[in-house]
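For reference, the structure discussed in these notes is given below.
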Amino acid sequence: MIGGAELWLLLAWGTIVAVDLVSMPQVLLARPLVAAAVAGAIAGDVGAGLAVGLLLELFALDVLPVGASRYPDYGPGTVGAVLVVAHQPSPLVWMGAAAGLALVVALSGAASMQWLRHRIARDVQAHADQLGAGDGAAIRMLHLTSIGRDAVRGLALTVVALLLALLLRETGPLDDLTGTLLSVVAGGAGLAAVVRGAVRNAGRGARFRWLAAGAGAGVLLSVFL
Amino acid sequence: MPILLCRIDDRLIHGQVVIGWGRPLGLQRIVLVDDIVAANDWEQDLYRVAVPEEIELIFATVRGASDRLAEWAGDPKRTAILTGEVHTMGQLVAADTSNLRQINLGGLHQRPGRTERLPWVYLSDEELAELRVMAQSGREISAQDVPTTAAVSLEALA
Amino acid sequence: MKATRSAWWRLFSLQGSWNYDRMVGVGMGFAAKPLLEDLRRESPERHAEAVARSAEFFNSHPYLAGLALGAVTRAEYDQVPGDQILRLRNALCSPLGALGDQLFWAGLLPAAIGAALAAVALGAGWPVVLLAVVLFTVVRCYVSDWALRRGLETGMGVGRAIKDSRLRRAITLAGIGASLLVGVAIPLVATRLAVGLATPHIALMLLVAVAGLVLGKLAGTRYSSPRFALAALAVVLLARWIAT
């Protein structure tokens, strides 16, 4: 079962994946599939982790972090979603509700990042004179403080995600049928997201044909395996 | 093929252009209109390498681009026009009758005299006035960094 | 050599102070610090100027930023005039961003994740996820190491070095890999999601997927996948609340 130690570890992990998305070290930890697999291992239910990761990754593949454009922060919400589903006797009843939690946290995460980027801009402007004078210590201080701020942001998001998850575990999704329907609908919405993203990101030329070829191969694999 | 994207972005060619817009629109040609870049070989080399193999990249001066707008709009290549300054686009629009219908503000960053309209769109009063002139000549103007985000109209920026 | 290694490590946190004023400029300054130390011994004034320039506005793809960092550092040691250095630095932002976005964010990342998704959908366990992360990171480290060293070697000639590199070819291949592997993953994941569901539930799932795609076409940018999912979940809750 999930005890205090596991919750603290999940809190640390959620913070790490939030910081990984933009600040450092940017090694895919923030991807739902990765964040969820590790969260599942921490919670002692890797299967639940992989299932949650599989579903949420469909949404994350929709919008690529291109340029400076804004994108959801799926990491902390994913960790919360794994906490919802871990060790449930029938995970299918909980997947949809967990996905809902993750999406809400992911959208708040995007908003929190906007806020952070404005906040750091104010810090930078306040130290413009020192930067202009080539003050290395000011650069170092600004940079490290900013990473610290991002960590606080990630920690706060994870706290919210984990509290919502504990609450959800208590109340549950009304009844089993409602829970199952939520999971079914979340799966459908996830498939729409990944198809939309794949088509958009492939464009019109050769990549689109490779996408179609891949999908064909995937269908064959599904049928024969 | 009508010109599919007409964008003002001080970063000129970057990820939002070649992936964000380039892929869904299936761009085959990007015309970079900038008098300075048009006269600078090493900068052209840099921009050329940033564009994927399937997209043709043309560097043009404002004059050169004005003369060829109708030609680009008339042939089958899926084309985007790109400028780094509001004024450059204003000159193109002034020389154009109907090829540039929608103007996209893609990114104009902080500079003395400009004020923040969106986190990634800063405009001076002169630039805003110039955009209004373009709008009055029947062009639809909005700010939108990538196709997946909502467009913000010129009125909302003022 | 030690300074280069140190700067390479610092580049892992390049985006740590991402902001709307200088974007990753301060992060570049942080990474440049060890590289500029020797300049302090040559001329303290020149060093201060170089440090100030190192933290000016900058933005590019984080994994390729080493090309700019290296080139600018080399130019500082070569005593290139400051305005030319800044001009080079600014000119590198967009091309490096475009290259990195195509190679990593729209190429190797979806390729790695797509492959891992497909494997997990087929029943593979967590080691395959770890493998995807490790492979991606190995390539990233190789590229970022190459970038920093190439930048340091070429200085003001970095544009030529980028042009002569294999980046463009790699981008084409990465784009193909991403499309192919995400394509393979989609039907496999769909099949996996349907495991254990009754036929009417499978039909409902497909219906929601199609509805999402149609709505996405119709609603333009007002549509976003998370919003559609949340709305669909709300509809289920509402319907069940009314029914019970």
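The chains referred to below are lettered A, B, ... by the order of the sequence lines, with proteins before strands, and numbering in each begins at 1. Computed from a predicted structure; not experimentally measured.
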Side chain, backbone, both or neither: which part of Arg140(A) has an atom under 4.5 Å from a heavy atom of chain C? both
Non-hydrogen atoms of chain A under 4.5 Å away: do they reach the side chain of Tyr63(C), the backbone, both or neither? side chain
So which of Leu29(A), Val199(A), Leu177(A), Val219(A) has the biggest tally of heavy-atom pairs under 4.5 Å with chain C? Leu177(A)
Go through the atoms of Ala124(C) and report whether side chain, backbone, both or neither lie under 4.5 Å from a heavy atom of chain A. backbone
Using side-chain heavy atoms (C-beta onward) and a distance below 4.5 Å, is Arg207(A) in contact with Leu180(C)? no
Per-residue contact mode, Leu109(C) against chain A (heavy atom under 4.5 angstrom): side chain
What part of Arg53(C) gets within 4.5 angstrom of chain A, counting heavy atoms only: side chain, backbone, both, or neither? neither
So what's closer than 4.5 Å to chain A heavy atoms on Phe30(C): side chain, backbone, both or neither? both
Sort Asn201(A) into side chain, backbone, both or neither according to what part of it lies under 4.5 angstrom from a heavy atom of chain C. neither
In terms of heavy-atom proximity below 4.5 Å to chain A, should Leu193(C) be classed as side chain, backbone, both, or neither? side chain
Donor-acceptor pair between His143(A) and Ser13(C) side chains, under 3.5 angstrom: yes
With only heavy atoms counted, which part of Leu197(C) is less than 4.5 Å from chain A, the side chain, the backbone, both or neither? side chain
Please determine if Asp175(A) and Arg240(C) form a salt bridge, counting it only when a charged side-chain N lies under 4.0 Å from a carboxylate O. yes
Which bit of Thr191(C) comes within less than 4.5 Å of chain A, counting heavy atoms only: side chain, backbone, both or neither? side chain
Measure Gln130(A) against the heavy atoms of chain C and call it side chain, backbone, both or neither at under 4.5 Å. neither
For Leu122(C), is it the side chain, the backbone, both, or neither that has a heavy atom closer than 4.5 Å to a heavy atom of chain A? side chain
In Leu117(C), Val128(C), Val133(C), the residue satisfying side chain to side chain contact (heavy atoms under 4.5 Å, CB included) with Leu33(A) is Leu117(C)
